[in-house]
S.K.: 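To start, I am sharing the structure in question, which I have written as structure tokens.
Note that this is a predicted model, so its numbers are computed, not measured. The sequence lines fix the lettering, A, B, ..., with proteins before strands; numbering per chain opens at 1. Only this structure's heavy atoms are used, side chains among them; waters, hydrogens and symmetry mates stay out.
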2 protein chains.
Amino acid sequence: MSQYVAQQSSLCQKCSMSAMCIEKACDSKVNVKVRSHKIFHKSDALFRDGERFDAIYILRSGSVKSSLLSGTGQEQITGFYFPGDLLGLDGFEKGAHSQTLKFLETSSVCRIAFSELDAAMANSQSIRYNLLQGMSQALNDDDKFLLNAHCMNASQKFASFILNLSNKFESRGLSSHNFDLSMSRVDIANYLGMAVETVSRQLTQLQKDHIIEVNKRNISIVDFSRLQDCLNDEKAMSKHFIPLMSKGFTSQVSASH
Amino acid sequence: MSQYVAQQSSLCQKCSMSAMCIEKACDSKVNVKVRSHKIFHKSDALFRDGERFDAIYILRSGSVKSSLLSGTGQEQITGFYFPGDLLGLDGFEKGAHSQTLKFLETSSVCRIAFSELDAAMANSQSIRYNLLQGMSQALNDDDKFLLNAHCMNASQKFASFILNLSNKFESRGLSSHNFDLSMSRVDIANYLGMAVETVSRQLTQLQKDHIIEVNKRNISIVDFSRLQDCLNDEKAMSKHFIPLMSKGFTSQVSASH
DNA sequence: CGTTCATTTGAACATGCTCAATTCCTGTGG
DNA sequence: CCACAGGAATTGAGCATGTTCAAATGAACG
């Protein structure tokens with residue numbers, strides 16, 4: 001606890017929980033002390049599976065991966081997180097964390113003790129909204145990812161992965177067409193549910209097609225529209241297809257034929 | 001709105017939001033009116049993708065599936081829900097639903113308007129805890145499912161699916177070894193990310209092995225332990241394997257060799 | 001430099017998908 | 001009550017995607 005140093009910075013302006021922080025605290029009923037920040041380094045764990053849950057965190061800079069352990073000791077990466085993202089939401093269920101969060105690079109987080117969070121929720125509607133919104137978004141992201149996992153082939157999944165990263169960086173004010181991957185190929189493969197070799201082949205192929213340029217962990221997107229096209233790759237379209245309008249609308253469909 | 005009939009029943013005792021209801025309301029600061037209930041039938045939609053979000057729901061009886069649409073119009077089932085489960089949590093993100101919820105059989109739900117929920121959260125710690133807990137659980141369930149989707153082969157995924165259902169039914173006071181599937185084979189296949197034919201073959205195989213008995217949509221689990229064993233099926237164990245202790249512990253591993 | 005880890009590449013193989021045909025249900029109308 | 005139609009489920013056979021295994025190359029760090 002004491003290792004967290006109280007401070008306030010410009011990074012906080014983008015924070016999803018900024019309503020809790022001191023500037024805002026003046027013009028609302030919220031009466032919460034300033035958050036405390038801490039720096040972590042690559043491979044450090046913010047928390048591990050099983051640890052007691054007593055705070056949520058907001059990532060201020062850097063990046064993190066979250067992972068679960070299967071019964072057989074396999075690691076499954078469940079997500080990558082970037083500045084502004086809420087961390088530790090898994091802990092509400094049991095009062096203990098079910099995931100492990102490891103930093104991919106030097107990063108800083110903002111810690112909000114659960115007791116403070118709860119008090120803030122009681123007092124501030126905007127805090128309630130922000131938290132529910134954040135959790136709902138995490139839930140929706142997971143479900144979208146599931147859709148991808150089941151409906152897409154390797155090249156679609158990979159294109160989707162790159163485009164998602166591009167979007168995330170753009171929404172954080174960074175370049176959408178040139179960025180560094182903070183995670184290894186093994187991490188990407190694990191996250192996407194494919195072999196490392198397949199990830200490598202996807203990179204090679206996209207580069208051969210002049211859609212992206214790869215330099216170690218640096219990615220340049222050369223041709224956005226063709227990368228988008230990868231998502232609609234013909235092959236996987238018919239998989240598990242369920243017609244939307246199962247009854248009474250066949251005439252429309254066949255009419256447009 | 002008016003179609004929801006206010007009432008209170010014994011089903012509410014198992015409800016995760018029961019703290020909001022009238023009995024409890026007396027002995028706390030919560031001042032919320034009784035919830036309203038409504039009956040739906042098979043194939044009815046509770047809400048659809050894009051509809052305005054103005055309430056969450058608790059399933060009181062029956063079952064539901066949630067689904068997303070891919071860009072190409074494919075449906076991807078993201079979950080099945082049973083009595084006591086919270087529905088509509090996807091709506092907090094954008095104030096509109098991103099999923100579609102369809103009933104698999106005649107069911108009833110309890111509706112909690114968002115405005116009421118918010119007021120209750122302001123007043124009651126237990127409401128805050130229950131909601132955060134419910135959302136956290138949904139998040140964790142999603143992540144566990146993802147782990148399964150990526151690390152398991154078809155027979156493991158299917159065994160896991162059956163065992164999960166068994167657990168859910170048991171925790172709701174129903175039989176864990178004999179139950180009816182309220183969803184079609186197509187739905188199961190879509191959910192698990194495999195072809196209908198594969199689902200069918202899994203059922204056939206498990207029956208041939210005398211692990212389960214299948215009668216249309218009725219499932220009897222004959223041999224629980226062998227069904228559990230399916231989860232540890234040798235083949236898929238090495239897939240995407242990441243050793244847990246990457247550095248400094250190799251001696252232990254090789255010593256046990 | 002030499003060791004170790006990360007990444008790439010190639011070739012064979014296996015799991016699960018596709019396609020096609022059949023059987024089994026359910027509900028409907030004669 | 002039976003015949004029939006449409007959907008749901010099952011089964012078989014060939015094939016494709018992506019995995020596994022093996023080896024080589026490249027980068028990083030002491």
S.K.: To the nearest Å, give me how far apart CZ (B:Phe158) and P (C:dT15) are.
M.R.: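 So the two atoms are 19 Å apart, to the nearest Å.
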S.K.: Just the rounded figure in Å: distance from P of C:dG16 to CG of B:Leu192.
M.R.: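 Rounding to the nearest Å, CG of B:Leu192 and P of C:dG16 are 12 Å apart.
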S.K.: Using Watson-Crick and G-U wobble pairs whose two distances are both under 3.5 Å, how do you write the pairing of DNA chain C as dot-bracket, with | for links to another strand?
M.R.: ||||||||||||||||||||||||||||||
S.K.: Between A:Arg201 and A:Lys216, just flag the one whose closest nucleotide in DNA chain D comes earlier from the 5' side.
M.R.: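 Looking at DNA chain D, the more 5' nearest nucleotide goes with A:Arg201.
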S.K.: Less than 4.0 angstrom from a charged side-chain N to a carboxylate O is my criterion; do B:Asp209 and B:Arg226 meet it?
M.R.: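 No, this pair does not count.
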S.K.: Using a strict cut-off of less than 4.0 Å between a Lys/Arg side-chain nitrogen and an Asp/Glu carboxylate oxygen, indicate whether B:Asp85 and B:Arg172 qualify as a salt bridge.
M.R.: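 Salt bridge: yes.
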S.K.: Side chain of B:Val186, heavy atoms from C-beta onward: which of D:dA22, D:dA9, C:dC19 has the nearest atom to it?
M.R.: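 It is D:dA9.
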S.K.: When you measure from the side chain of A:Arg185, which nucleotide among C:dT9, D:dA9, C:dT7 comes out closest?
M.R.: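 So the nucleotide nearest the side chain must be C:dT7.
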S.K.: In whole Å, what is the span from the NZ atom of A:Lys208 to the P atom of C:dT9?
M.R.: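 The answer, rounded to whole Å, is 7 Å.
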S.K.: Can you figure out which of C:dT18, D:dG18, D:dT10 approaches the side chain of B:Ala195 most closely?
M.R.: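 The nucleotide sitting nearest to the side chain is C:dT18.
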S.K.: Flag the pair B:Leu89 / A:Ser136 as yes when at least one side-chain heavy-atom distance between them is below 4.5 Å, and no otherwise.
M.R.: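 No, their side chains stay 4.5 Å or more apart.
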S.K.: Going by heavy atoms in the side chains, are B:Leu68 and B:Asp49 under 4.5 Å from each other?
M.R.: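 The answer is no, as the side chains (C-beta and beyond) never meet within the 4.5 Å cut-off.
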S.K.: Between A:Glu197 (CD) and D:dT17 (P), how many Å, whole number?
M.R.: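 Spelled out: CD on A:Glu197 to P on D:dT17 is 18 Å.
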S.K.: Quick one: A:Gln207 CD to C:dT9 C1', roughly how many Å, whole number?
M.R.: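 Atom CD in A:Gln207 sits about 14 Å away from atom C1' in C:dT9.
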S.K.: At less than 4.0 Å, is any side-chain N or O atom of B:Thr204 found next to OP1 or OP2 of D:dT11? Yes or no.
M.R.: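 B:Thr204 to D:dT11 OP1/OP2: side-chain N or O found under 4.0 Å.
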S.K.: If you count the non-hydrogen atoms of other residues, nucleotides and ligands that lie under 6.0 Å from CZ in A:Arg217, is the total more than 12?
M.R.: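 Enclosed.
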S.K.: Tell me, do A:Leu104 and A:Met183 make a side-chain contact under 4.5 Å, heavy atoms counted?
M.R.: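 Side-chain contact under 4.5 Å: yes.
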S.K.: Atom NE2 of B:His150 and atom P of C:dG16: how far apart are they, to the nearest Å?
M.R.: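 To the nearest whole Å, that distance equals 15 Å.
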S.K.: Write down the distance between CD (B:Gln202) and P (C:dG16), rounded to a whole number of angstrom.
M.R.: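 So the two atoms are 7 Å apart, to the nearest Å.
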S.K.: Please work out which of the three classes, parallel, tilted or perpendicular, describes the rings of B:Phe47 and B:His97, given edges at 30° and 60°.
M.R.: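 Correct class here is parallel.
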S.K.: State which of C:dT7, D:dT10, D:dA22 makes the closest approach to the side chain of A:Arg217.
M.R.: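 Nearest to the side-chain atoms of A:Arg217, counting from C-beta on, is C:dT7.
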S.K.: With heavy atoms under 4.0 Å as the rule, sort A:Ser184 into base, sugar-phosphate or nothing.
M.R.: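 Sugar-phosphate contact only - A:Ser184 comes under 4.0 Å of backbone atoms but never of a base.
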S.K.: Once you round it to whole Å, what is the distance between P of C:dT18 and CE of B:Met194?
M.R.: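 The answer, rounded to whole Å, is 13 Å.
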